[in-house]
Amino acid sequence: MTSSTELFERARQVLPGGVNSPVRAFRAVGGTPFFVARAAGCRLTDVDGRSYVDYVCAWGPLILGHAHPAVLEAIQVAAGRGWSYGAPCEAEVQLAELVRCRMPSLEMVRFVNSGTEATMSAVRVARAATKRELILKFAGGYHGHADGFLVQAGSGVATLGLPDSPGVPAAVAGLTLTVPFNDVAAVEDVFRRRGPELAAVIVEPYLGNVGFIAPEPEFHPTLRRLCDAHGTLLIFDEVMTGFRVAPGGAQERLGVRPDLTTLGKIVGGGLPVGAYGGRADLMRLVAPAGPVYQAGTLAGNPIAMAAGLATLRETARAGFYETLERRTARLVSGISDAARRHRVPASVGHAGSMWGVFLATGPIRNYAQAQAADVALFGRWHRAALARGVFLAPSAFEAAFVSSAHTDADIAFTLEHLDAALGDARAG
Ligand code: KE4
């Protein structure tokens, strides 16, 4: 019995499913999750001494890889000054100013502790500003676990095949309309029928919680146009894409300016940070500047702010994003070639260093089509890859990531072993 197996048995006695977030339980791919002993660069090492090239990257935050020296030093220096003040500190202002510089649509920013807090708060602001209650999201979109978002959600809900979630009142779920991603006609129909009731459209600009699905060229401009025509606010949920798919996130890459944006993951460098921001007239509605209440004991935590600042500053280095995109393109191209050699239907995609592969014939343009992916084959591939030292997201319905710590040699190692693992998986 491995130490991970023993730890997982103990964990299941005291933590629901043995984990603190469902996707970590390996339910969708089988096997026992490994328990991490330490991490550095692009590698995780488990309690049994096995190491893995990591493409989960803590589900997105670690664009620099694990334990980056600049982030480690920033955390250590900040910790030496105390680690929770319950009062403002300069780092909060510095990070907010840096976010605004990188993403100018965020004229004002509020820091919270998670992506979920960011999205639930942004929707509250939108409802207050418009005095409307309905929101529109997209099937497979995952915006955290607040009640109103657990309607045809992605990520763990999709991974575990859950019919949304018990405990969400019908009255709350009924305020969330859902249509397929990339479906312009369906969006136009919703606005035709319910436009005057719509407070906001909330969208992952690139779907990353069903695997990786890119928007079609007319999709986001249509959302922008219809929101403007109906007084509805456009919320870009950039928790995953922010600072990932471009220096200024998806809104820079797509050239579409949302009214509100939510952030998480990279903005905290792997520490618990979420943020929401946008038009100053909207953000001035947030207490204590305005009447929309939102608060948080640990919001703006000085260590988390320091980690976010160090991370964003490192990503500002010349050529950072170009190198990441080049390596990611090489990885997905190699995976596509391997699938072809093994005669496995596969559809790969990436934007910047966010990527995904569906074991299904492409193109995949929405969640319904993504569900055609061969989940059983993906599970066998995941396990075979893990045995060879490559850690893919333990779900056929999650995006993956490349960090600046992944070298060309790591990509070559990965392609060699993913190819062999796919052969093993196909052999069954
Ligand atoms: P958190 O509350 O988990 O910090 O953020 C929620 C969230 C909101 N919006 C988007 C676009 C997101 O991707 C997320 C969280 N992403 C998942 C991974 N697909 C988190 C992983 C997990 O739940 O363990």
Side-chain angles (χ1 to χ4, degrees), residues 15-29 33 36 54-63 111-123 135 137-160 162 165 181 200-215 235-245 249-251 258 260-276 296 298-299 301 304 307-308 351 354-356 367 370 391-401:
L15 299 167
V19 292
N20 283 305
S21 199
V23 287
R24 302 179 194 169
F26 280 27
R27 284 281 178 94
V29 295
V36 178
D54 175 21
Y55 289 96
V56 177
C57 298
W59 301 96
L62 300 180
I63 195 167
F111 291 113
V112 292
N113 302 293
S114 69
T116 296
E117 279 190 78
T119 54
M120 60 189 275
S121 305
V123 164
I135 63 170
K137 70 176 282 291
F138 296 90
Y142 180 73
H143 306 290
H145 64 87
D147 282 352
F149 299 131
L150 292 181
V151 179
Q152 293 190 55
S155 190
V157 180
T159 296
L160 301 176
L162 298 174
S165 172
F181 188 75
V201 173
I202 185 167
V203 62
E204 290 183 61
Y206 289 79
L207 270 191
N209 285 288
V210 293
F212 175 87
I213 298 179
I235 303 174
F236 266 17
D237 179 356
E238 295 224 43
V239 167
M240 189 182 289
T241 57
F243 314 112
R244 169 64 68 177
V245 300
Q251 54 198 265
L260 292 168
T261 297
T262 55
L263 298 170
K265 299 183 193 281
I266 292 173
V267 77
L271 270 66
V273 178
Y276 65 103
L298 302 177
N301 174 274
M354 175 180 168
W355 62 277
Y367 179 38
F391 180 40
L392 298 175
S395 162
F397 302 114
E398 289 285 357
F401 307 95

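What's counted below: heavy atoms across the whole structure, side chains too, no hydrogens, waters or symmetry copies. Read the numbers this way: they start at 1 and go in the same order the structure lists the ligands and their atoms. This one's a predicted model, so the numbers in the text were calculated from it and none came from an experiment. Just so you know, residue 1 is the first one in the sequence shown, and it goes up from there.
Distance check, rounded to the nearest 0.5 Å: CE of Met240 to CD of Glu204 gives 6.0 Å. The CD1 atom of Ile135 sits 7.5 Å away from the NE2 atom of His143 when rounded to the nearest 0.5 Å. Between Leu263 atom CG and Thr119 atom OG1 the span is 11.5 Å, to the nearest 0.5 Å. The CZ atom of Phe397 sits 12.5 Å away from the CG atom of Leu207 when rounded to the nearest 0.5 Å. Taking CG of Asp237 as the reference point, atom CG of Leu260 lies at 11.5 Å (rounded to 0.5 Å).
At a heavy-atom distance under 4.0 Å, atoms from both the backbone and the side chain of Thr116 approach ligand 1. For Lys265, every heavy-atom contact with ligand 1 shorter than 4.0 Å involves the side chain, none the backbone. The backbone of His143, and not its side chain, has at least one atom closer than 4.0 Å to an atom of ligand 1 (non-hydrogen atoms only; backbone = N, CA, C, O). Within the 4.0 Å heavy-atom criterion, the part of Glu398 lying near ligand 1 is the side chain and not the backbone.
Distances between N or O atoms of Arg24 and those of ligand 1 include no value under 3.5 Å. In terms of polar-atom proximity, Glu204 is not counted as a contact of ligand 1, lacking any N or O under 3.5 Å from an N or O of the ligand. Annotation: Asp237 places an N or O atom under 3.5 Å from an N or O atom of ligand 1; distance criterion only.
Taking every heavy atom of both residues into account, Ala304 and Val273 meet most closely at CB-CG2, 3.3 Å. Between Phe401 and Trp355 the shortest heavy-atom distance is N-NE1, 3.4 Å. Shown here for Ala139 and Gln152, the closest heavy-atom pair between the two residues is CB-OE1, 3.5 Å. Looking at every heavy atom in both residues, Val29 comes nearest to Ser395 through CG1-N, 3.8 Å.
Among all protein heavy atoms, the one lying closest to atom 10 (C) of ligand 1 is Tyr142 O, 3.3 Å. Given atom 6 (C) of ligand 1, the protein heavy atom at minimum distance is Gly144 CA, 3.6 Å. Nearest protein heavy-atom neighbour of atom 22 (C) of ligand 1: Ser21 OG, 3.3 Å. Given atom 21 (C) of ligand 1, the protein heavy atom at minimum distance is Trp59 CG, 3.8 Å.
Using a 4.0 angstrom heavy-atom cutoff, Gly274 does not count as in contact with ligand 1. Ligand 1 lies nowhere less than 4.0 angstrom from a heavy atom belonging to Glu238.
Per-residue contacts place Met240 under 4.0 angstrom from the following atoms of ligand 1 (heavy atoms of the residue considered): 13 (O), 19 (N). Against a heavy-atom cut-off of under 4.0 Å, Val23 is close to the following atoms of ligand 1: 22 (C), 24 (O). Atoms of ligand 1 found under 4.0 Å from any heavy atom of Ser114, numbered from 1 in the order shown, are 2 (O), 4 (O).
Within a 4.0 Å radius of atom 3 (O) of ligand 1, the protein contributes no non-hydrogen atoms.
Inter-residue side-chain proximity for Val203 and Phe236 is flagged as met; some heavy-atom pair is nearer than 4.5 Å.
Of the listed residues (Asn20, Asn209, Thr262), the one carrying the non-hydrogen atom nearest atom 18 (C) of ligand 1 is Asn209. Nearest-residue assignment for atom 5 (O) of ligand 1 (options Gly208, Gly115, Gly268; heavy-atom criterion): Gly115.
Partners of Phe391 according to the ring-ring contact (aromatic ring centres under 6.0 Å, His included) rule, which considers only residues two or more places apart in sequence or in another chain, are Phe34.
In this pair, Tyr206 and Phe212 present their aromatic rings parallel. The plane angle is below 30°, not in the 30 to 60° band.
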